[in-house]
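Accompanying notes for the structure given below.
As the structure is a computational prediction, the values presented were derived from the model and not from experiment. A, B, ... follow the sequence lines: proteins, then strands. Residue 1 opens every chain.
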2 protein chains.
Amino acid sequence: MEAMARSCVDPLFRLLGCYMVLDANDRDALSALEESPLIDKIARCDIAREGENPHVIRLLVSGWACRYKDLPDGRRQIVGFFLPGDFCDMNVAILSELDHSIGTLSRVRYYEIDPERFQDVIDCRPRLTRALLWHELFISAIQREWLLSIGQRSPAERLGHLFVELYFRLKAVGLTEGHSYYFPITQHNLAEANGLSLVHVNRTLKEMRRDGLIEITDRKLRIIDFDRLKQITMFNSNYLHFNRE
Amino acid sequence: MEAMARSCVDPLFRLLGCYMVLDANDRDALSALEESPLIDKIARCDIAREGENPHVIRLLVSGWACRYKDLPDGRRQIVGFFLPGDFCDMNVAILSELDHSIGTLSRVRYYEIDPERFQDVIDCRPRLTRALLWHELFISAIQREWLLSIGQRSPAERLGHLFVELYFRLKAVGLTEGHSYYFPITQHNLAEANGLSLVHVNRTLKEMRRDGLIEITDRKLRIIDFDRLKQITMFNSNYLHFNRE
DNA sequence: CGGATGCTTGATGTATCTCAAGACGTGTGG
DNA sequence: CCACACGTCTTGAGATACATCAAGCATCCG
């Protein structure tokens, strides 16, 4: 376990562990992924563009990335965040073309896994296969919650809800300290993810700061009044489908 | 093929056929689903509520339904439409609890399929398994496009984009006539799906009618200028992942 | 005929966007 | 080491898109 704690697939192992208890064999199988090339990228660059057909499966190890979609006239919407432990494109074998782009938000490191190696790892491991399918459904459920947020929640509720969601996801992979976490993204990114203007995000954050809900300083987000924030944003954690918290 | 055309799994067969060519064996396997109980429901009622753990897999045969999520204070967001040929909850075996509700929009008919029977059908049919996994990814991709729409597109673009999307999906299952299709939902539903107020939907539709883009009469939607509507709404069909159109 | 249901329209207020500019911190080249 | 550019955050002023409230019709159906 100690050795595992320092391993690069640790976030993935922890994340899948929120769904089901994995045994040592599964853990060893996942470790085989670490033989894949480890890529290092700076913030604010594309990993893949819409329309491409990626030939590798990417597993994020550190840093934040995102899925985004853009329109011909430049408008852009972030449709999901990738945090350590997340797969960016597990289904390269099924879909022939990406319907979205993938970009880095901070400096990131990720594995580029050969789909065949990936298949070898999950072959004959129904529990692992099941856990990875869960990961897909997990991402899909988050998308639905975002639709609810953008469609119905007020700007403050939207931002607050996102902060709580990120807290739970980062906690799952062991990247929180109390109710604080590393928060490498800009207000511009928050605007793109929430369908708001940069200016309005700024004002809304100011308001939330004034209300003693959160604090963002030095690339670090601290949720000051966690219970109140959960209540205000009407956060119901069932959509994360963490069987064990 | 003629017999199939009248069969209740025909929409499903056609839909999966947009992803890959299925053979007679696959078709026969799907037909086995027709031994499941066929349920009939009136418009505007719940099929399942958030928090429940459904014990059946539902396959919509006729009519329209939707996934929706609601907030404690009554706000509600439709996060997806179910059209004939769609599965409502293929993953009952993975997730223990629904994170959304399912409701009818028109009168519908659907099969309630026993998960074990379902497993029997796909066991040893890797092509079918693959096509069904594609269906899940298809639904997920639509959710992403909706995020882009609600987050970035203007109300008219949003509605127009939805109309084009529904056209392609209905055409895939053989339910269009020219650029027209049965359209059983209310302006209120359109508002709930697009994060708009009912009044604003009404005005926007009026505008689109005036511009000669669409026409809705008698539960029937007709797209008058299909190419212009596609262009205005910046419709890029790649997210539907229909390999063959 | 009376009650539902859905569509349409007007008046009004406000939330949010856009444009514009300044403050601040950080890294870079002279 | 300073000057400067750049990215990010912050704030103001003004325009407008959109929501809310309120009411009037048309259609359908028991």
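The residues A:Arg228 and A:Asp211 are annotated as not salt-bridged, no charged nitrogen and carboxylate oxygen being separated by less than 4.0 angstrom.
Using cut-offs of 30° and 60° on the angle between ring planes, the pair A:His179 and A:Phe226 is parallel.
Counting only N and O atoms by type, the side chains of A:Asp86 and A:Tyr110 include no donor and acceptor under 3.5 Å apart.
Distances shown here put every side-chain N or O of B:Arg210 at or beyond 4.0 Å from the OP1 or OP2 atom of C:dT8. The phosphate of D:dT8 has OP1 or OP2 within less than 4.0 Å of a side-chain N or O from A:Arg44. For the OP1/OP2 pair of D:dG7 and a distance below 4.0 Å, the side-chain nitrogens and oxygens of A:Gln187 include no atom meeting the criterion.
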Going through the distances and angles, do A:Ile113 and A:Phe87 end up as a side chain to side chain contact (heavy atoms under 4.5 Å, CB included)? CA-CA 10 Å; A:Ile113 302 167; A:Phe87 282 100; 4.2 Å; yes

Show your working on ring-ring contact (aromatic ring centres under 6.0 Å, His included) between B:Phe168 and B:Phe235 and close with a plain yes or no. CA-CA 11 Å; B:Phe168 279 115; B:Phe235 194 94; 5.4 Å; yes

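Across the protein-nucleic acid pair, B:His188 atom NE2 and C:dT8 atom C1' stand 16 Å apart, rounded to whole Å. One interatomic measurement links the two molecules: CZ of A:Arg75 to P of C:dC17, which rounds to 13 Å at whole-angstrom precision. Summarising the geometry, the separation between CZ on A:Phe183 and P on D:dT8 is reported as 14 Å, rounded to the nearest angstrom. Rounded to a whole Å, the CD atom of A:Glu192 is 13 Å from the P atom of C:dC17. One atom, CD of B:Gln152, and another, C1' of C:dC17, lie 12 Å apart when rounded to the nearest Å. Computed from coordinates, the A:Leu190 CG to D:dT8 P distance equals 12 Å when rounded to whole Å. Atom pair A:Ile185:CD1 and D:dC9:C1' shows a separation of 15 Å (rounding to whole Å applied). The distance from atom CZ of B:Arg219 to atom C1' of C:dC7 is 10 Å, rounded to the nearest whole Å.
For B:Thr204, the side-chain hydrogen bond (donor to acceptor under 3.5 Å, both in side chains) test picks out no residue, with sequence neighbours left out.
Residues B:Ile47 and B:Thr104 have side chains in contact (heavy-atom distance under 4.5 Å, counting atoms from C-beta outward).
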What does nucleotides 11-30 of chain D look like as a protein-contact string, B for base, S for sugar-phosphate only, - for none, at under 4.0 angstrom between heavy atoms? BBB----SSBB---------

